[in-house]
Each structure stands twice: as C-alpha cells, then as structure tokens.
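What follows is one structure encoded as structure tokens, with my remarks underneath.
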Protein chains: 2
Amino acid sequence: MVKKTQDSGAGSTPQRTTLKDVARAAGVSHQTVSRAINNKGEIDPLTRQRVLDAARELRYRPSRFARGLVRPDMTTVGLIIPDVANPFYPELIAGVIEAANVRGWQVVVGSTQGDRDGELALVRSLGRQVDALIGFLTHTDAELAPHLEGLPLVVMDRHQSTAHGVVDVDVRPGLRQGLQHLIARGHRRIGMIDCANECGESRRDCFRAVTEELGLAVDNSWIVLGEESMAGGEAAFTDLRHRHPELTAVIGYNDLVAIGAFRAARRMGLAVPQDCALLGCDGLSIGELLDPPLSSVYIDKRRMGQLAMDQVDGLLSGTPTAPALLGTELLHRGSF
Amino acid sequence: MVKKTQDSGAGSTPQRTTLKDVARAAGVSHQTVSRAINNKGEIDPLTRQRVLDAARELRYRPSRFARGLVRPDMTTVGLIIPDVANPFYPELIAGVIEAANVRGWQVVVGSTQGDRDGELALVRSLGRQVDALIGFLTHTDAELAPHLEGLPLVVMDRHQSTAHGVVDVDVRPGLRQGLQHLIARGHRRIGMIDCANECGESRRDCFRAVTEELGLAVDNSWIVLGEESMAGGEAAFTDLRHRHPELTAVIGYNDLVAIGAFRAARRMGLAVPQDCALLGCDGLSIGELLDPPLSSVYIDKRRMGQLAMDQVDGLLSGTPTAPALLGTELLHRGSF
DNA sequence: TTGTATGCGTTATCAG
DNA sequence: CTGATAACGCATACAA
C-alpha cells in the first residue's frame with residue numbers, strides 16, 4: 001500500500017526507513033511521528049494511532065545511532081575473550097558485567113574463538129562500537145596500535161604493556177604454596193604440562209623459577225608442551241608419564257589440562273593422588289566435580305573482571321589507575 | 001589553553017570533546033582533524049602530527065554514534081541471559097556469536113544475574129542499543145510489551161509467545177528415551193527433582209506426561225522442588241531419598257541439579273548407578289567429569305543459538321521464520 | 001594540502 | 001495539538 005517515493009538518490013542500497021518515511025506515509029511531520037513513537041503526551045490519540053500503524057506497516061525502527069547522538073550516551077565497554085566456551089571466562093565475564101552494572105554501563109562481549117587473525121579484526125569492529133576495550137589478546141602493543149586508533153584498552157593476563165591499562169595475574173604465590181606442599185609430602189620428581197602462550201611471562205618460567213627457588217632441579221625433559229584443552233592435557237600427561245615413569249606429581253598449565261591429565265592418569269590405572277599428585281591452575285569450580293576434586297592455584301576471576309573495569313574507569317576519566325596485579329593462593333582440594 | 005567559547009547553551013554538562021574542539025586547538029578545520037584521525041592520505045604529515053597531539057592532549061574520542069550515523073551501520077543483536085556463570089549458557093552464547101559472525105553482526109551480552117526486576121530494566125536499556133533482542137526471559141509478553149517499543153524479540157525456551165520469535169526446546173523425546181531405558185532396566189520407583197519455572201510448559205509436566213504414557217504411576221510425593229543449582233540438587237535429593245528410601249532412579253530438572261543429586265547420593269553412600277540411577281537434562285559437557293559420567297537429555301545449545309539468530313534474521317528482514325522447536329535425544333553416558 | 005557546505009536520523013525548542 | 005527549525009558529532013563531496 002505504502003509507496004517509497006522520490007529522492008532515495010542511489011537506488012541501490014536498501015535505504016533504512018526513517019522517521020520521515022513514516023511521517024510521509026501518515027501525512028504528518030516527522031516530529032509528530034517522534035512524539036507518537038516515544039509516547040509523548042502532547043498528541044491526539046487518533047493521529048497517534050495512525051502514525052503507529054504507519055510505522056508498523058513500514059517496519060520502522062529508530063536508529064540507535066541517531067538517538068545516541070541526541071540523548072546522553074551510555075558508556076559501553078567491549079570485552080574480547082579467546083573462547084566463550086572455555087570455563088575460565090564465564091566467571092570473569094560475570095565480574096565485568098557486575099562492575100559495569102554498578103556504573104550503569106554496558107558490556108559487549110566478543111569472542112575470537114581462537115582465531116588469532118580474527119583478533120585484530122574484532123579489535124577493529126568492536127572497537128568502533130565501544131568507549132573502551134578489555135581484552136585477552138595475543139598480539140603485541142605494536143601490532144595492536146594501528147587498529148586501536150587511540151581507543152582505551154585494558155590488556156588482561158599474559159600480556160605485557162606499558163601503553164595500556166593492565167590486569168595481570170601473578171601465579172607465583174599460589175604455585176609456590178603448591179610446590180612447597182608437594183615437597184613437604186616428599187615429592188621430588190615433578191613434571192609440568194605447559195601450553196603455548198604468545199605474550200607475557202610463561203607459566204613455564206614461573207614453574208622454573210619457583211622450583212629453583214625451592215631447590216628442585218628440573219630439566220627440560222620434565223616439561224611437556226600440550227594443547228590448551230582437556231584432550232591436550234591427556235595427551236601431554238601420557239607423553240610425560242611415558243618419558244618419566246618415575247614421576248610422582250604433575251603441575252598443569254591450567255585446570256583444563258590438569259583435568260585432562262587426571263583422566264589420562266585414571267585411564268592408565270594410576271590413583272590420584274597416591275600414584276600421582278595433580279595440581280591445576282585457575283581454580284575453576286568444575287575442578288570440584290572430579291573425585292578427588294582438583295587442587296589448584298586459585299585465581300579470583302570475578303575480581304579480575306572488576307579490576308579490569310577499574311582500569312577502564314581510570315582510562316576513561318583521564319586519571320589512569322596503576323596496573324593491577326592479582327595475587328593467587330593455593331586452593332587445597334583433594335588431588336594431592 | 002583551549003577555551004570552550006560561545007554557544008554551549010546549558011553550560012552545566014561536561015560537554016564531550018569534539019572534532020571541533022580539537023580543530024580549534026590545532027588551529028585547523030574540523031575536516032582536517034577528521035582526516036588526521038582517520039589516517040586519510042591527503043594531509044601534511046606535519047599538521048597531521050600536530051592534530052594528533054592536540055587530540056591526545058584533549059583526550060578526544062570520536063563519538064561512535066555520530067560515526068554510526070554516517071557510516072553503514074552494523075547490525076547488533078542483544079542477548080539476555082539469566083546468569084553467565086551457569087554452564088548452560090556459554091555454549092549457547094558461542095552459538096549466537098558464531099551465527100552473528102557469519103552475518104557480520106555483533107552481539108551484546110547482558111546478564112540479569114537472576115534479578116527478575118532487573119530483567120525489565122535490562123530489556124529497556126539493552127533494547128535501545130541494539131537492533132534486536134534474544135532473551136531467556138521470565139516475564140510474559142504482556143509485561144514485556146511496554147518496554148519493547150516494537151523492538152524485535154526472540155524468546156528462548158520455557159516461554160510461550162505468539163507476538164515474538166521463538167526458539168523452544170522439546171525435552172520429551174530425550175526424556176522418553178531415558179525413561180524407556182530406565183524401565184527396560186527394571187526401574188519403577190523413579191523420582192524427579194523439579195525447579196521453579198515462570199513460563200512455558202514445566203519439565204514436571206513433561207515428566208508426568210511421559211511417565212503416564214509409559215504406564216508408570218507417579219504421584220506427587222515423587223516430585224520434589226529444588227533450587228536451580230548444585231546445592232539445590234543436593235538438598236532436593238536428600239529430601240527425596242529420605243521420603244522414598246525405596247527409589248532407584250532420579251531425573252533431574254537439569255544437569256546442575258542432577259550433579260547435585262549425584263554428590264548427595266555419594267555422600268549418602270549410594271553407588272551410581274547401582275543403588276540409584278541418575279539422569280540429567282541439558283547435556284552439559286561438565287557432566288563428563290563425574291565418575292561415572294552423567295547421562296542426560298541432550299540439548300544442542302550451539303544450535304539453539306543459531307536458531308535464535310535465524311529468528312532474528314527473519315524478524316529483521318520482515319519475513320518471520322516459523323517458531324523453531326529443537327528436539328532432544330538421550331545422551332548415554334554412565335550414570336544409568 | 002586544506003577549508004566549506006551538506007546530510008545522516010533523532011530529539012528538543014519554540015513557534016503556530 | 002502540531003509543525004518548522006535547530007542542534008548532536010562526524011564524514012564526504014566539492015571548492016579553493
């Protein structure tokens with residue numbers, strides 16, 4: 001019934017239906033349409049209805065951009081994570097969202113799904129939609145810079161940076177406690193499953209540093225690299241145990257691989273912790289589901305989210321907060 | 001140095017720094033600033049640098065709204081879930097994000113954190129920032145309507161609606177398979193742990209329907225209501241077992257409560273599945289961590305996300321897709 | 001290389 | 001009750 005008349009210059013692009021289109025269709029001014037749409041009082045119920053009908057007919061949707069331009073704009077923070085399905089992130093996301101809610105802000109979550117190339121693209125596209133970015137990124141500052149265009153960024157974990165906000169995690173305290181405990185229990189032949197890690201101090205280095213500090217000699221053959229997943233953990237453990245049948249304890253890069261190791265151990269007929277003690281890292285709640293539950297270097301993920309938002313806040317307000325360093329502690333469950 | 005001159009009517013609000021401010025500070029036109037900011041070629045490297053400096057100095061950030069207004073705008077879909085930390089959602093979120101990526105769209109995730117009142121507020125605030133909404137909502141269409149202002153909405157699961165897009169889950173097929181299996185194994189005294197559920201057909205009703213269909217008489221005392229969490233599952237199981245020590249199998253409202261039941265059973269010295277068989281619902285991957293792993297009515301959560309996005313697509317393009325109904329099947333692991 | 005003018009879709013102001 | 005008209009902040013032809 002309603003015809004899209006005149007102008008529409010190009011003719012190629014579908015042309016979004018606008019307030020004016022509705023106005024034309026309803027035979028009123030665009031201003032009246034605005035009033036109808038926004039439920040303003042000063043309008044004849046009759047015209048109001050007519051306008052609303054026309055709007056529905058034309059499938060009119062107000063442009064959030066035009067609105068944002070006029071109304072006081074809401075702060076929106078983008079959060080980039082490598083993989084939503086990784087159980088490490090949900091809690092962190094919760095922390096970020098909570099911290100945002102407190103400030104009346106919004107959070108846009110994007111996931112690269114492990115696609116390292118997609119990361120930069122996501123930084124770009126998400127970046128132009130938000131006021132600041134929080135990201136678990138694999139690229140360096142230099143690589144990131146051209147895509148940022150001055151957008152405030154907070155880099156999380158495993159990433160060094162002087163140019164941006166930072167929330168880092170120091171696994172050493174928890175790891176130290178864990179190793180001390182193991183040593184106290186007589187463990188000496190301790191292996192580690194490491195994972196690839198583009199930026200920042202690797203956990204392998206932490207492990208090395210702490211074992212050395214505690215007077216444990218660990219050569220490279222005790223550290224095996226695995227994929228960051230349960231399957232990766234299983235494979236790595238099998239490998240490690242094959243190489244060193246005498247091992248009595250294994251540290252996992254994180255809980256995911258530690259759980260993989262747990263399962264591999266089980267399959268090999270090893271009792272945890274009697275035949276082989278296990279220590280994860282992250283302190284995921286799912287570790288509790290194992291029997292015995294997985295001991296782990298606990299990271300307060302919700303807190304991480306809050307700290308990240310504090311960094312954002314500082315960046316946005318022009319008074320940057322000092323880089324945050326989150327400590328860790330041993331979460332003593334049953335796997336050693 | 002830079003004075004905010006003239007107009008600026010109100011004078012109260014902090015006034016966002018704009019292109020013009022930078023232009024004034026750098027002594028060029030706002031156009032030149034735009035070129036500098038956007039890395040356009042046609043500009044003297046010197047002025048460029050001067051402008052960039054001024055921009056940094058004034059902490060200039062381009063308005064994403066103004067930009068969106070001018071550039072081809074990217075479709076953004078809001079996703080509202082009750083609780084990010086609930087392991088049911090991450091996979092679904094992944095599905096939604098994937099489906100969005102395929103279309104070159106973005107996803108904004110919001111979580112009500114179980115706050116039922118906050119739900120409406122979130123619908124409002126998130127709603128005005130996106131082109132469409134996907135939501136696990138507890139409110140009825142009528143309650144939602146005034147906050148939607150015509151925004152396309154897709155309601156997920158446990159929610160009836162004629163006014164919006166719908167993705168529903170039919171647990172019956174999987175539940176039927178599960179019960180058939182249990183019955184074949186000789187189970188007759190089967191209990192269920194139910195959870196509160198504002199909208200849609202309750203799983204309790206499903207359970208009733210299927211047991212009846214299979215010729216099993218189940219009176220109310222075999223159905224116990226629990227909180228939707230592991231702790232709730234534990235309490236409910238304890239309660240149920242106390243009431244009916246003769247029970248041989250329990251169906252959980254979802255995997256979370258089923259896992260709780262599992263733990264409670266363990267604590268009571270019951271072997272799963274020998275002393276009590278267990279069946280969950282959702283098919284969460286964490287069910288695999290139990291020993292024996294949790295059997296469950298499997299729901300393809302990634303697929304749910306895709307279906308939701310298909311609904312959105314239909315709504316946005318003006319050719320609504322028929323309501324989606326996702327089937328289920330028995331995921332046979334070890335807990336029965 | 002740089003500046004001027006115009007339009008994007010809305011809401012707000014102030015006339016009629 | 002309704003309709004012009006002016007912002008909002010930015011980008012993009014077009015002119016200088």
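Letters A, B, ... mirror the listed sequences (proteins, then strands); counts begin at 1.
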- request: Measure the distance from CG on B:Leu19 to P on D:dT12 and round it to the nearest whole Å.
  value: 12 Å

query: Whole-Å distance between D:dG9 P and B:Arg64 CZ?
result: 14 Å

Protein-nucleotide distance (B:Lys20, atom NZ; C:dT4, atom P), rounded to Å: 12 Å

query: Between atom CG in A:Asp131 and atom C1' in D:dG9, what is the gap in whole Å?
result: 14 Å

query: What is the distance from CZ of A:Arg48 to P of D:dC1, rounded to the nearest Å?
result: 12 Å

Base C:dT1 to side chain B:Gln31, donor-acceptor N/O within 3.5 Å cut-off: no

- prompt: Ignoring hydrogens and geometry, is there a side-chain-to-backbone donor-acceptor pair from B:Arg59 to A:Leu315 under 3.5 Å?
  reply: yes

- prompt: Are any of B:Arg67's side-chain N or O atoms less than 4.0 Å away from OP1 or OP2 of D:dA11?
  reply: yes

task: Measure from the side chain of B:Asp44, starting at C-beta and using heavy atoms only, and say which of D:dG3, C:dG3, C:dT2 lies closest.
output: C:dT2

- prompt: Can a donor-acceptor pair under 3.5 Å be found between the side-chain atoms of B:Arg61 and the base atoms of D:dG9?
  reply: no

statement: Checking D:dC10, D:dT2, C:dC8 against the side chain of B:Leu69 (C-beta onward), the nearest is C:dC8

- request: For A:Arg103 and A:Ala99, indicate whether the former's side chain and the latter's backbone hold a donor-acceptor pair under 3.5 Å.
  value: yes

- request: Look at A:Ser63 and C:dG9 and indicate whether a side-chain polar atom (N or O) is within less than 4.0 Å of OP1 or OP2.
  value: no

message: Looking at the base of C:dT4, is there any donor atom on it, or on the side chain of B:His30, that sits under 3.5 Å from an acceptor on the other one?
response: no

task: Measure the distance from CD on B:Gln49 to P on C:dT1 and round it to the nearest whole Å.
output: 16 Å

query: When you match B:Ala66 and B:Thr32 each to their closest nucleotide on DNA chain C, which lands nearer the 5' end?
result: B:Thr32

message: On the nucleotide C:dT11, are OP1 or OP2 found under 4.0 Å from the side-chain N or O atoms that A:Ser34 carries?
response: yes

statement: In whole angstroms, the gap separating C1' of C:dT11 from CZ of A:Arg35 amounts to 11 Å

message: Considering every strand and a 4.0 Å limit on heavy-atom distances, what is the contact class for B:Ile43: base, sugar-phosphate, or nothing?
response: sugar-phosphate

query: Atom CZ of B:Arg50 and atom C1' of C:dT2: how far apart are they, to the nearest Å?
result: 11 Å

From D:dG3, D:dC10, C:dT2, nucleotide with atom closest to B:Val70 side chain: D:dC10

message: Any side-chain N or O of A:Lys40 below 4.0 angstrom from OP1/OP2 of C:dA12?
response: yes

- request: Check whether any side-chain nitrogen or oxygen of B:Thr47 sits under 4.0 Å from OP1 or OP2 of C:dT2, and answer yes or no.
  value: yes

Expected output: side-chain A:Asp131 to main-chain A:Val77 donor-acceptor under 3.5 Å: no

Proximal nucleotide (of C:dT10, D:dC10, C:dT2) relative to the A:Thr18 side chain: C:dT10

field: Side-chain donor or acceptor of A:Gln106 paired with backbone N/O of A:Thr75 under 3.5 Å
entry: no

Side-chain (A:Glu143) to main-chain (A:Thr140) donor-acceptor, under 3.5 angstrom: yes

message: Has B:Gln311 got a side-chain atom pairing as donor or acceptor with B:Val166's backbone, closer than 3.5 angstrom?
response: yes

